[in-house]
Chemist: 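This is the structure I have questions about; it appears just below.
Each chain gets a letter, A, B and so on, in the order the sequences are listed, and its residues count up from 1.
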Amino acid sequence: MITFNNVTKTFEDGTVAVDDISFTVKKGNLVTLIGPSGCGKTTTMKMINKLISITSGTISINGNDISEQESVELRRNIGYVIQRIGLLPHMTIEENVSLVPKLKGWKKADYQKKVDELLDMVGLDPQVYKNRYPLELSGGQQQRIGVIRALAGEPPIILMDEPFSALDPISRQQLQDELKLLQKSINKTIVFVTHDMDEALKIADEIVVMKGGSIQQIATPTELIQNPINEFVRSFIGEDRAKRVTKKREELHASTIMEPLVPEQVTGDVPNLSYHSSLQDVARVMLTKETETIIINGEDGKPIGVISHQRLLQELAGIRAGGAQGGIHSNLF
Amino acid sequence: MESIQIFFDTIVTRQDLIVERAIEHLYLSFLAIAIAVLISVPLGIYISRKRKMAEFYIGITAVFQTIPSLALFGFLVPILGIGTLTALVALIIYALLPILRNTYTGIIEVDEGIIEAGEGMGMTPRQILLKIQLPLSLPFMMAGIRTATVLTVGVVTLATFVGAGGLGDVIWRGLQSWNNSLVLAGAIPVALMALFFDFVLKLLEKRVTPKGIKS
Ligand SMILES: Nc1ncnc2c1ncn2[C@@H]1O[C@H](COP(=O)(O)OP(=O)(O)OP(=O)(O)O)[C@@H](O)[C@H]1O
Ligand SMILES: [Mg+2]
C-alpha cells in the first residue's frame, strides 16, 4: 500500500509541480495517474522511489515513511519503467533485464531463467533477442524490454511512466492485457502514468485525474465515467467515450474481477474457465456446477486466479470489494 | 639523388645520437602523458559531479593551453630551473586540457534517461560510475588521450631548450650547423612517432567502444 499525505513538490526554480496531494494505492491495485502534459504525473511517480525529493508531506509504503528508508534498497524493491525507456546501450538485452536480479544477488541460473520467461511473455524469442543490443531493436521492442526489466527483480510495487506510448495499437492492447493479467494473478501494486484515457479506463482499478499539480478526482473507471466531478474531468473523458464505456460493462471479462490464486484455498473439483470468459459465463458455470469458486486459466491454460461467488455478486451489484485486497506476495515489504 | 645519399650517411654516422635522443623523446612523451592521464581522468570524473565548478577547472586548463609552448617553457625556467623536470611540467600542463575536457564531456553526455534508469533500479552512485558512465565515456576519454599524445610528441621537440634532450636536440644541432640532413634526421622520426601513436590509439579507441554503441 502506498500512501501520499499532503505531498508537495516545489522545484528549485519555484515551479510547484505537485501541490498538496493525498491518495492511497491499495496493495494489489493498479492506479493510473492521468492528466495533461506537465500536470505533475512523472514528478508524483518519481517521489515514490525517491528520484525526486519531497518538499513537504510524506509518502509511506505499508505504513513506513520512505524518507526513513535507504534509497538504494527501496529502489531495488520497486520496479521502474521510465518514460524515456533508458536501456543501457552497452549491455545486451539479457544483461539489461537481469540487472536488478544481479544487484539483488540472485543465482545465475535463476536470473537466466527469468530473462527467458519474461522475453517469452512479451513475445520476443529469447534465442533471437537475448544477445542483441538495445539499438538493434525497434522502438516498440525496446519499450517491451523496459517493461520486463522492471519486472525481473519480482518487486511487489511497479512504477510505469507511459510504458506503452511507443507501441503500435495492437501491441499496446496486447501488453495492456498482459499487464492486467499479471497484476491480478501475482498481486502487484502498480502506479501507471498515462495521458491516454482509453488506456486508463481499460487497465485501472482506480484513476487519479490530475491538473496543474493537484488532484481533480480519484475514482474507479466506472465512477469516473458516471460521475465526473467537474467540467475539466468531464471534458477529459469526452462525451462519446462516456457512452461507449458504459455499454462495455456487459462485456467485462473474468480476468478483470479475478483475485490472486491461493492454491491451498482451492480444493476438490473446481471448474476452470478461460480468463477471457464473460461474467455471464462465470455465473452460468457457478449455477450449473453449484460451486462457490471458479479457477481462471491464463492463455497457456495454467491457473492464474480465482473468482468467488461473493466477488462475482459484488461486481454485478456494482459494490467495490472492501478489505478483500492483499494476501499472497505481500511479505516482500 | 646526392642529397638522399648524404641524408642516409648522416643517419648512419649519427646513429647513436639519433637513437639515444629518440628514446629520450619517447620517454618524456610517455611520462608526461601518463601523469597527465593520472591527473585529468580523476579530475574529469570529479568535476562531472560538481558541474557548477567544472567550467572553472576546464577554464584554467584552457588558459594554459593558449600559452605558446615555447613561452610556457620560458616561464618555467626561472621557477624550476633547467632540466627534465621543467620540460615534464610544461608537457603535462599542455596535455591536461584535451584529456580533462573529453573525460568530462564523455561523462556528462551520457543520456540522462540511462542514468535515471540506473538510479531507479537501485544502482549505487559508484555502480553508476563504473558500470554506466565510464564504459560509455571511454571512447571520448581515449580520443582525448590521443589528441594529447600527438600534441605532446610534437611539443617535446622544444624540451631541448631547457636541456631535457629529445629529438629536438638533433634538429637544433642541425639548424646550428646548417646541416639540413641532420635537421631531417631529427624531424622525420618525430613526425613518424606522431603518426604511429595516432594510428595505434585510434585502434585502441575502437577497441574500447562498447559493442552496443558502435554504429
Ligand atoms: N527538474 C525540474 N526543475 C524545474 N521544473 C521541473 C523539473 N521537472 C519538471 N518540472 C516541471 O514540473 C511540472 C510537472 O512536470 P512532470 O514531468 O511531472 O509532468 P508530466 O505530467 O509527467 O508531463 P508529461 O505528460 O509531459 O510527461 C512541469 O511544469 C515541468 O516543467
Ligand atoms: Mg511525464
Chemist: Who passes salt bridge (charged side-chain N to carboxylate O under 4.0 Å, His left out) against B:R21, sequence neighbours left out?
Modeler: B:E24, B:D169
Chemist: Looking only at heavy atoms, what is the nearest atom pair of B:M123 and A:L99, with distance?
Modeler: CE-CD2, 4.1 Å
Chemist: Under 4.5 Å from any heavy atom of chain B, what part of A:L159 do you find: side chain, backbone, both or neither?
Modeler: neither
Chemist: Quick one: list whatever passes ring-ring contact (aromatic ring centres under 6.0 Å, His included) with B:W172, sequence neighbours left out.
Modeler: B:F161
Chemist: So B:M121 and A:R149, do their side chains get closer than 4.5 Å, heavy atoms only?
Modeler: yes
Chemist: For the CG atom of A:L88 and the CD1 atom of B:I213, what is their distance to the nearest 0.5 Å?
Modeler: 11.5 Å
Chemist: Would you please test A:L103 and B:Q127 for side chain to side chain contact (heavy atoms under 4.5 Å, CB included) and show each step?
Modeler: CA-CA 10 Å; A:L103 290 172; B:Q127 285 168 331; 3.5 Å; yes
Chemist: Which atoms of A:R84 are under 4.5 Å from chain B, going by heavy atoms: the side chain, the backbone, both sets, or neither?
Modeler: side chain
Chemist: Could you tell me whether the side chain of B:E119 reaches within less than 4.5 Å of the side chain of A:Y80, counting heavy atoms only?
Modeler: no
Chemist: Heavy-atom count around A:K102 NZ within 6.0 Å, excluding the residue itself: above 12?
Modeler: yes
Chemist: Does B:G120 offer a backbone N or O that forms a donor-acceptor pair with the side chain of A:R75 under 3.5 Å?
Modeler: no
Chemist: Check for a donor-acceptor pair, side chain of A:H90 on one end and backbone N or O of B:K131 on the other, with a separation under 3.5 Å.
Modeler: yes
Chemist: Do you know the tightest heavy-atom contact between B:A117 and A:G86?
Modeler: CB-O, 3.2 Å
Chemist: Identify which part of A:K46 has an atom lying under 4.5 Å from any heavy atom of chain B, answering side chain, backbone, both or neither.
Modeler: side chain
Chemist: Sub-4.5 Å heavy-atom contacts with chain B: which residues of residues 112-134 of chain A show up?
Modeler: A:Y133
Chemist: Select one option (side chain, backbone, both, neither) describing which atoms of B:E112 are under 4.5 Å from chain A's heavy atoms.
Modeler: both
Chemist: Is B:I132 in contact with chain A via its backbone, its side chain, both, or neither, using a 4.5 Å heavy-atom distance?
Modeler: both
Chemist: List, one per line, each side-chain donor-acceptor pair under 3.5 Å for residues 55-68 of chain B, sequence neighbours excluded.
Modeler:
residue: B:T61; atom: OG1; partner: B:Y57; partner atom: O; Å: 3.4
residue: B:T61; atom: OG1; partner: B:I58; partner atom: O; Å: 2.8
residue: B:Q65; atom: NE2; partner: B:Y94; partner atom: O; Å: 3.4
residue: B:T66; atom: OG1; partner: B:V63; partner atom: O; Å: 2.6

Chemist: Looking only at heavy atoms and a cut-off of under 4.5 Å, which of A:I82, A:V81, A:N49, A:L87 has the most pairs with chain B?
Modeler: A:I82
